[in-house]
Structure formats: C-alpha cells, structure tokens
There are 2 protein chains.
Amino acid sequence: MATAARTAQDGPLTDLELGAWRGLLRVHARLVKALDANLEAAHGLPLSQYDVLVQVAGAPGERMRMCELADGVLLSRSGLTRLVDRMAKDGLLSRCACEDDARGSFACLTPAGKARLDEARSTHLAAVRELFLSEFTEDELTCLAGLWERVLPSCAGLDVCAGD
Amino acid sequence: MATAARTAQDGPLTDLELGAWRGLLRVHARLVKALDANLEAAHGLPLSQYDVLVQVAGAPGERMRMCELADGVLLSRSGLTRLVDRMAKDGLLSRCACEDDARGSFACLTPAGKARLDEARSTHLAAVRELFLSEFTEDELTCLAGLWERVLPSCAGLDVCAGD
DNA sequence: TTCGGGTAGTTGTGCTAGCAACTATATCAG
DNA sequence: CTGATATAGTTGCTAGCACAACTACCCGAA
C-alpha cells in the first residue's frame with residue numbers, strides 16, 4: 001500500500017478525511033440500528049413508523065399529504081404508500097380524501113396513533129440524547145448543526161426540513 | 001403543539017439538538033444515495049460492492065475473512081455471504097479456503113476486482129470530496145473526526161476501524 | 001478420546017424499499 | 001371545450017438485507 005497523506009484534491013484520503021467521512025457512516029449505522037431496536041423493544045414501533053407519526057403529529061390538522069410525508073421521512077412514494085398502509089391496518093393512521101385535489105390523499109393521525117406516539121416519544125428522545133446528543137457540548141452541537149446546514153445543499157436538491 | 005426550548009433532559013428537543021440530530025440523518029441519506037448513484041452510473045458498481053473492494057484491497061494479502069469483512073462493511077453475515085457471491089459471479093472476488101481454520105473462508109481480490117477498484121476509486125473519492133469534505137475547513141474536519149471518535153463507543157459495542 | 005460449547009459461514013424465509021408502469025386528476029394552451 | 005402535459009398516488013415486480021436455523025469445524029475439559 002503506497003499511501004501517504006496528501007493535501008486534498010487527489011490520491012487517497014488523508015487520515016483526517018477518512019476519520020470525518022467514515023465516522024459519519026459508522027455512527028449513523030450504529031445509531032439507527034440501536035434506536036430502532038430500542039423503540040421496537042419498548043413500544044413495538046419501528047423507527048420508520050415513529051418518524052411518520054412525528055411528522056404527521058406536527059403537521060397542521062394532524063394530517064399530511066402523502067408526497068410531503070414521503071419527503072419528510074426520506075422515503076420513495078411507493079415505499080410510503082405501503083408504510084402508511086401498514087400503519088393504517090394497525091390503526092395508527094387513517095387515510096382521508098383531499099377535498100381540494102381529488103388525486104391526493106391525506107394520512108391522518110388517529111387517536112391510537114397519537115397515543116402511541118406519546119408513549120414512544122420520551123423513550124426515543126431519551127435514547128437520542130443518551131446515545132448521541134449527550135456526548136457533545138452546546139458549542140459542539142452548534143458546530144454540528146451549522147455543518148449540516150452547510151453540506152445539505154451540496155448533496156442533492158430535493159429537500160426541506162420539518163420540525164419535531 | 002405546546003413546544004418550547006428546554007435545557008436538555010426532558011421534553012422535546014431544542015432547535016439546536018434537532019438540527020444536530022436530523023442533520024445527521026438527512027446528510028447521510030442524501031450523501032449515500034448520491035454517491036451510490038454516481039458510482040453505479042460511472043462504473044456499474046454499487047456502493048456496497050465498492051466498500052467490499054476497498055476493504056479487501058487494504059487487507060494483507062488482498063484477502064479477508066468473511067466475518068471481518070462483514071464487520072468492516074457494516075453488514076450481517078448472511079448479507080455479506082450473498083454480496084460476496086454476487087461479486088464472485090462477476091469475477092471481482094474469489095473465495096478461498098482458509099488453511100488454518102477449515103470453517104473459515106477468505107474473500108480474495110481478483111485482478112478484475114483490483115482493476116475495477118482502481119477505476120472506481122478516483123471517481124468515488126472525488127465525489128466524497130466534492131459533496132462532503134470540501135465543505136469543511138481543516139479545523140472542522142478535525143472537530144468532526146473527534147466527535148465521531150467520541151460518540152462511537154456510546155452507540156453499541158462491536159466495531160473496529162479499517163484503513164482506506 | 002470424546003463430549004460440550006463456541007465460532008464461521010450458508011441457506012430458508014420474510015420484510016422493506018425502490019423503480020417502472022399505470023390510473024386518475026389537475027392544469028394550461030389554444 | 002379539447003387535447004397535451006404534469007402531478008398524486010398505487011401496484012407489479014425485483015433486489016437486498018436481517019433473523020433464525022442449520023452444518024461444519026475448532027477447542028478445552030475430563
């Protein structure tokens with residue numbers, strides 16, 4: 001292996017670059033796996049469904065159009081259709097027609113879905129804090145958040161952010 | 001929605017926490033998707049296969065035990081078995097018996113695999129730099145790498161790091 | 001030597017996600 | 001109003017992954 005630290009344009013990644021890049025991949029993989037397992041164990045709720053509940057609960061009228069929801073939870077439309085189907089079958093969501101646009105439909109939070117979210121939220125937030133946020137100082141969090149803001153547009157061009 | 005910024009132990013996430021956490025999720029999702037599409041378009045190589053090639057090429061003898069490889073590429077053992085199968089069918093890897101341990105087997109880099117990696121590496125590294133690394137100063141990279149180091153053990157307990 | 005427990009890897013199975021094709025509706029041009 | 005194009009959502013199909021069960025083997029103890 002003929003490797004040596006170059007500046008930053010050609011050749012292999014420097015150790016620093018490697019650390020910053022691979023760290024992201026590893027931390028993400030582990031966090032998501034741990035959080036999903038945690039949520040599933042405590043409330044029988046996959047992380048993907050929790051995400052949907054959070055998004056819908058935060059939307060006006062506690063309902064959201066399918067396409068917005070798909071963007072919000074980083075899923076394809078077909079993937080979302082089926083995810084919402086599963087959740088509707090479990091009573092966490094219901095589907096409602098859209099009055100303004102007959103093509104569209106809403107995913108609406110049911111009381112059961114709301115209750116489930118209320119149960120799960122504190123579990124999940126506690127886990128996020130414990131596994132991730134608690135490791136950082138306030139300054140570091142600020143730094144991180146700023147970095148994400150900066151990189152996001154660089155990646156691709158489809159997104160918006162949503163609240164908790 | 002009765003939400004207000006709390007300190008950091010209870011209640012909903014502060015905007016700062018939210019930004020740091022969701023940013024990670026979004027940036028990761030977009031980067032991986034973009035990098036995979038890029039690599040696939042340029043060299044017909046999925047990111048998962050590229051990862052395997054990098055790991056194996058960096059290992060002594062250009063071969064690796066299946067279980068180490070599985071850890072290295074963040075995949076389950078069964079997932080890795082099938083991924084290596086596919087790559088072997090494409091001629092990128094070959095499977096070799098392990099002399100010391102008859103249970104084990106090696107995934108060995110073939111000349112074709114090496115060639116493919118050589119083609120793809122610069123494409124991929126350029127993309128990683130363009131989409132991610134280039135957005136940061138050296139100091140920020142140092143900060144990031146340090147943060148990952150710190151969080152990693154907090155998540156779960158299985159990993160080691162590997163070089164490029 | 002032989003038995004028991006642990007480890008490496010593969011295979012059966014099921015789930016989740018994406019892509020492409022399709023339907024139905026909206027919207028805009030003329 | 002009519003036809004062309006775009007958008008929302010669903011469905012058919014397939015790929016990739018994880019879990020659990022299984023086989024084969026290693027290693028330590030008696």
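Chain A is the first sequence line, chain B the second, and so forth, proteins listed ahead of strands; every chain is numbered from 1.
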Ala145(B) meets the side chain to side chain contact (heavy atoms under 4.5 Å, CB included) criterion, sequence neighbours left out, with Leu16(A)
Lys/Arg N to Asp/Glu carboxylate O, Arg63(A) vs Glu99(A), below 4.0 Å = yes
For the pair made of NZ in Lys33(B) and P in dA17(C), what is the distance, rounded to whole Å?
-> 12 Å
Looking at residues at least two apart in the chain, or sitting in another chain, which of them share a side chain to side chain contact (heavy atoms under 4.5 Å, CB included) with Ala127(B)?
-> Leu35(B), Asn38(B)
Nearest-angstrom distance from the residue atom CG of Asp100(B) to C1' of dG9(C) | 17 Å
Set of residues satisfying side chain to side chain contact (heavy atoms under 4.5 Å, CB included) with respect to Ser78(A), sequence neighbours excluded | Ser76(A), Arg82(A)
Applying side chain to side chain contact (heavy atoms under 4.5 Å, CB included), name anything that partners Arg150(B), two or more places apart in sequence or on another chain.
-> Glu135(A), Phe136(A), Glu140(A), Leu147(B)
For the pair made of CG in Asp71(B) and P in dT7(C), what is the distance, rounded to whole Å?
-> 13 Å
What is the distance, rounded to the nearest whole Å, between atom CG of Leu47(B) and atom P of dC17(D)?
-> 11 Å
Cys96(B) vs Cys98(B) side-chain heavy atoms within contact, under 4.5 Å = no
Under the ring pair (Phe, Tyr, Trp, His ring centres under 6.0 Å) rule, what pairs show up with a residue in residues 22-41 of chain B, not counting sequence neighbours?
-> His28(A)-His28(B)
Provide, to the nearest angstrom, the distance between the CG atom belonging to Leu69(B) and the C1' atom belonging to dT10(C).
-> 15 Å
Give each protein N/O atom lying under 3.5 Å from an N/O atom of nucleotides 2-4 of chain D, with the pair distance.
none

Below 3.5 Å is the cut-off: list the nitrogen or oxygen pairs between protein and nucleotides 27-29 of chain C, distance only.
none

Measure from CZ on Phe106(A) to C1' on dG9(D) and round the result to the nearest Å.
-> 14 Å
Excluding sequence neighbours, so at least two apart, what forms side chain to side chain donor-acceptor pair (under 3.5 Å) with Asp101(A)?
-> Arg103(A)
What residues form a side chain to side chain donor-acceptor pair (under 3.5 Å) with Asp85(A), not counting sequence neighbours?
-> Arg95(A)
Roughly how many Å is it from CG in Leu74(A) to C1' in dT16(C), rounded to a whole number?
-> 15 Å
Would you kindly compare Glu99(A) and Gln49(A) by the position of their nearest DNA chain C nucleotide and give the one closer to the 5′ end?
-> Gln49(A)
Residues from residues 75-91 of chain A sitting under 4.0 Å of DNA chain D, heavy atoms only?
-> Arg77(A), Ser78(A), Thr81(A), Arg82(A)
Sequence-distant partners of Arg65(B), side chain to side chain donor-acceptor pair (under 3.5 Å), two or more places apart | none
Sorted by chain and residue number, the ring-ring contact (aromatic ring centres under 6.0 Å, His included) partners of Trp148(A) (sequence neighbours excluded) come out as none
